[in-house]
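Just below is one structure, and these are the notes that go with it.
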Amino acid sequence: MRSWDIFCAVVDNYGDIGVSWRLARQLAAERSLRVRLWVDDLAPLAQISPDVDPQLELQQAQGVELRWWRAPFPQVEPADVVVEAFACNPPASYIAAMAARLPKPVWINLEYLSAESWVLGCHGLPSPHPSLPLVKYFYFPGFTAGTGGLLAERGLAQARARFQGSREEQTRFWNEIGLAEPAAGELQVSLFCYPHEGIAGLLRAWETGSGPVRCLVPEGTATQALSAFFGDERIVAGAQLRRGKLQACVFPFLDQDHYDRLLWACDLNLVRGEDSFVRAQWAARPLLWQIYPQQEGAHGPKLQAFLQLYCRELPPAGAASASALWEAWNQGDAARVEFAWPGWCEHRAEFEAHARRWAAQLPATGDLANNLALFCENLLK
Ligand code: TRH
């Protein structure tokens, strides 16, 4: 049985570990691999996967051997495949053991997701280690052929379609997260974003808009903006706040599987970063993405590259409306967000049909875990 070591350093937020954990679970479940996941901070993982104990050095969870990566790093035999998530630099002692191992492990640097065209020229390229007899391969997730594809476990599309077609499964979900089922004609919007000024613009647009909106907020998201808008300090799980046509419901942070169901149950999903962004695309519902902000606006070209790819099949007016809202949202411009919102409503049906088409074509690239496993198997031969 092939062995894999995945290293993940939690930069901030949940995405690095969200992606690494999803990858590790899928490799163990679908490729019958012995997967060890080394994480330097288990607390965020325990939040998105409550079966994980954040205090343990070593534990088994969902088929994965989970190790707390901290100094001094133990003397272990490197795996057949080593995945370094997001250039997190595995321990020097481990890399030295890799160099001494025969046969040499396959060493993968799993990169961040981007729709930018330069990715196609870099995906799968080898990079010799400057001083050790090792080669690192750069592996890029992506939306099109010529990339590693997107994370998606077997049966995801079927589970989503079954849920979206089953009133019973949806009723069970709302009960499980302690919320009433949606009222007739009420737009369900999930909100997961970084703190920014644009949130107030959407809240105002929803308050005074043409129809009722229920905004579903995982605890800890947009707390300051919600508190300022509703004039209420208690923006905690269980809070239900109303103003005009808007109701905001705050609930505990969900595990990844329940968060998927929230995305499947909503009419519009506001997502951020990388993993929720990908999961919202698999949900086959309209989305509004807030990209992870980077220094000197380096995230700008990434946002534009995805917008161009995503809006390519939309009619011009719909594409313009989506771009206006996405750009205002990512600039945190409350007035422009408020002004752009009616355009979303006007093109809602188009966006819903487009989200279904987009989700249906994603599997054409294959899924990241299996594409990566095949890439490594070929190198191990
Ligand atoms: O938390 P993020 O902002 O993580 C970010 C991004 O990954 C970014 O690319 C990276 O550079 C930065 O971290 C360091 O957003 P993301 O990627 O969506 O990860 C959130 C994870 O949390 C995702 O796996 C979904 C999960 N989640 C839950 O499990 N339950 C919840 O209630 C919510 C809101 C999210």
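Each ligand, and each atom within it, is numbered from 1 in the order the structure gives.
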Close side-chain approach of Leu270 and Trp329, heavy atoms under 4.5 Å: yes
Closest protein heavy atom to atom 22 (O) of ligand 1, given as residue, atom name and distance to 0.1 Å: Tyr14 CB, 3.6 Å
Heavy-atom check, side chain of Trp38 versus side chain of Asp5, under 4.5 Å: yes
Sub-4.5 Å side-chain heavy-atom contact between Pro105 and Val81: no
Parallel, tilted or perpendicular: rings of Trp344 and Phe351 (30°, 60°): tilted
Ligand-side contact atoms (ligand 1) for residue partner Asp12, heavy atom cut-off under 4.0 Å: 12 (C), 13 (O), 14 (C)
Contact check, Trp21 vs ligand 1, heavy-atom distance below 4.0 Å: no
Donor-acceptor pair between Asp367 and Gln26 side chains, under 3.5 angstrom: yes
Top protein contact for atom 32 (O) of ligand 1, by heavy-atom distance: Leu254 N, 2.9 Å
Backbone or side-chain N or O of Tyr292 under 3.5 Å from ligand 1 N or O: no
For atom 25 (C) of ligand 1, the protein heavy atom that lies nearest, with its residue and separation: Tyr259 CD2, 3.9 Å
Pro218, portion touching ligand 1 at heavy-atom distance under 4.0 Å: side chain
For atom 3 (O) of ligand 1, the option (of Phe192, Phe253, Phe86, Tyr194) bearing the nearest heavy atom: Tyr194
Nearest protein heavy atom with distance in Å, relative to atom 23 (C) of ligand 1: Asp275 OD2, 3.3 Å
Nearest-contact summary for atom 9 (O) of ligand 1 - protein heavy atom, Å: Glu274 CB, 3.7 Å
Check: Glu186 main-chain N/O paired with Gln188 side-chain donor or acceptor under 3.5 Å: yes
Selection from Arg272, Gln294, Arg22 by shortest heavy-atom distance to atom 15 (O) of ligand 1: Arg272
Contacting atoms of ligand 1, where contact means under 4.0 angstrom from a heavy atom of Gln256: 24 (O), 29 (O)
Aromatic ring pairing Tyr292/Tyr194, orientation class (parallel under 30°, perpendicular over 60°, tilted between): perpendicular
Point-to-point distance, once rounded to the nearest 0.5 Å, from CD of Glu116 to CG of Leu309: 12.0 Å
Proximal atoms of ligand 1 relative to Gly18 (non-hydrogen, under 4.0 Å): 24 (O)
Closest protein heavy atom (residue, atom, distance) for atom 18 (O) of ligand 1: Ser276 OG, 2.6 Å
For Phe143, ring-ring contact (aromatic ring centres under 6.0 Å, His included) partners two or more places apart: Phe306
Location of contacts on Asp255 toward ligand 1, heavy atoms closer than 4.0 Å: backbone
Side-chain donor-acceptor contact under 3.5 Å, Ser3 with Asp80: yes
Heavy-atom nearest neighbour in the protein, as seen from atom 19 (O) of ligand 1, with distance rounded to 0.1 Å: Gly15 CA, 3.2 Å
Side chains of Asp275 and Gln256 in contact at under 4.5 Å (non-hydrogen atoms): yes
Distance from atom 26 (C) of ligand 1 to nearest protein heavy atom, with residue and atom: Ile48 CG2, 3.9 Å
